[in-house]
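Here the structure is a predicted model, which means the values were calculated and not measured.
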Amino acid sequence: QVQLVESGGGLVQPGGSLRLSCAASGSIFSIYHMGWYRQAPGKQRELVARITVGGSTNYADSVKGRFTISRDNAKNTVDLQMNSLKADDTAVYYCNADRIMSKYNYWGQGTQVTVSS
């Protein structure tokens, strides 16, 4: 069982930056792909960024060039650096852990990000 806890959300003005962090219980080193998802009111949950066990990354087109996902295996953390934030980035952001070669999948409780003047 993996527990994920997100932090770093809050209120920020357009053009500002936030850094989200996800702390995982136990060790996720080498066995979990990690991702950040978000869900805005009235919309489906969508993948924002993903980082594999091997360190490969991919991003939603809407955040490319603005967001960066990273992982620190020693600390069992995954971060999402968000720059040049827009109002459309407003959503609840969720951390996800996907165990390789299995169907095990875990979610954090989410953290609210609000971009507003």
Side-chain angles (χ1 to χ4, degrees):
Q1 179 71 34
V2 173
Q3 293 183 176
L4 305 172
V5 180
E6 302 99 332
S7 63
L11 175 65
V12 65
Q13 294 185 351
S17 298
L18 282 175
R19 188 176 185 90
L20 305 183
S21 294
C22 173
S25 65
S27 178
I28 58 172
F29 174 67
S30 80
I31 60 172
Y32 287 93
H33 302 313
M34 304 297 295
W36 284 96
Y37 291 72
R38 69 186 182 188
Q39 187 166 23
K43 291 191 172 184
Q44 299 181 71
R45 185 174 297 188
E46 65 173 346
L47 175 67
V48 177
R50 182 174 180 264
I51 184 166
T52 69
V53 167
S56 298
T57 60
N58 62 275
Y59 299 88
D61 288 341
S62 60
V63 307
K64 286 181 179 177
R66 300 188 297 121
F67 291 10
T68 303
I69 188 171
S70 61
R71 65 191 296 166
D72 187 329
N73 291 323
K75 297 180 179 179
N76 284 324
T77 58
V78 180
D79 289 357
L80 183 69
Q81 178 65 46
M82 305 185 294
N83 299 324
S84 301
L85 284 162
K86 306 173 180 179
D88 287 347
D89 296 319
T90 296
V92 177
Y93 285 70
Y94 298 90
C95 182
N96 171 261
D98 183 14
R99 186 167 181 169
I100 61 174
M101 304 298 290
S102 78
K103 296 182 179 180
Y104 289 102
N105 190 274
Y106 303 95
W107 295 91
Q109 82 288 348
T111 185
Q112 177 71 48
V113 172
T114 302
V115 185
S116 179
S117 299

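- Interatomic distance, CG of Leu47 versus CG of Asn58, reported as 6.0 Å (0.5 Å rounding).
- Between Tyr93 atom OH and Leu80 atom CG the span is 7.5 Å, to the nearest 0.5 Å.
- Residues Val63 and Arg38 form a side-chain contact, since some pair of their non-hydrogen atoms from C-beta on lies under 4.5 Å apart.
- A donor-acceptor contact closer than 3.5 angstrom is absent between the side chains of Gln81 and Asp79.
- In this view, Gln39 and Arg45, Tyr94 satisfy the side chain to side chain contact (heavy atoms under 4.5 Å, CB included) rule, not counting sequence neighbours.
- Expressed to the nearest 0.5 Å, how far OH of Tyr106 lies from OH of Tyr32 amounts to 4.5 Å.
- For Glu46, the CD atom counts as densely surrounded, since its 6.0 Å shell holds more than 12 non-hydrogen atoms of other residues, nucleotides or ligands.
- Here the CG-CZ distance, from Asn83 to Arg19, works out to 9.5 Å after rounding to the nearest 0.5 Å.
- Residues satisfying the ring-ring contact (aromatic ring centres under 6.0 Å, His included) test with Tyr37, not counting sequence neighbours, are Trp107.
- Between His33 and Ile100 there is a side-chain heavy-atom pair separated by less than 4.5 Å.
- In the hydrophobic cluster analysis, where Ile, Leu, Val, Met, Phe, Trp and Tyr join through side-chain heavy atoms closer than 4.5 angstrom, Tyr59 is grouped together with Leu85.
- Hydrophobic clustering keeps Val92 apart from Met82 (ILVMFWY residues linked when any side-chain heavy atoms are closer than 4.5 Å, directly or through intermediates).
- By the 4.5 Å heavy-atom criterion applied to side chains, Arg66 and Asp89 are counted as neighbours.
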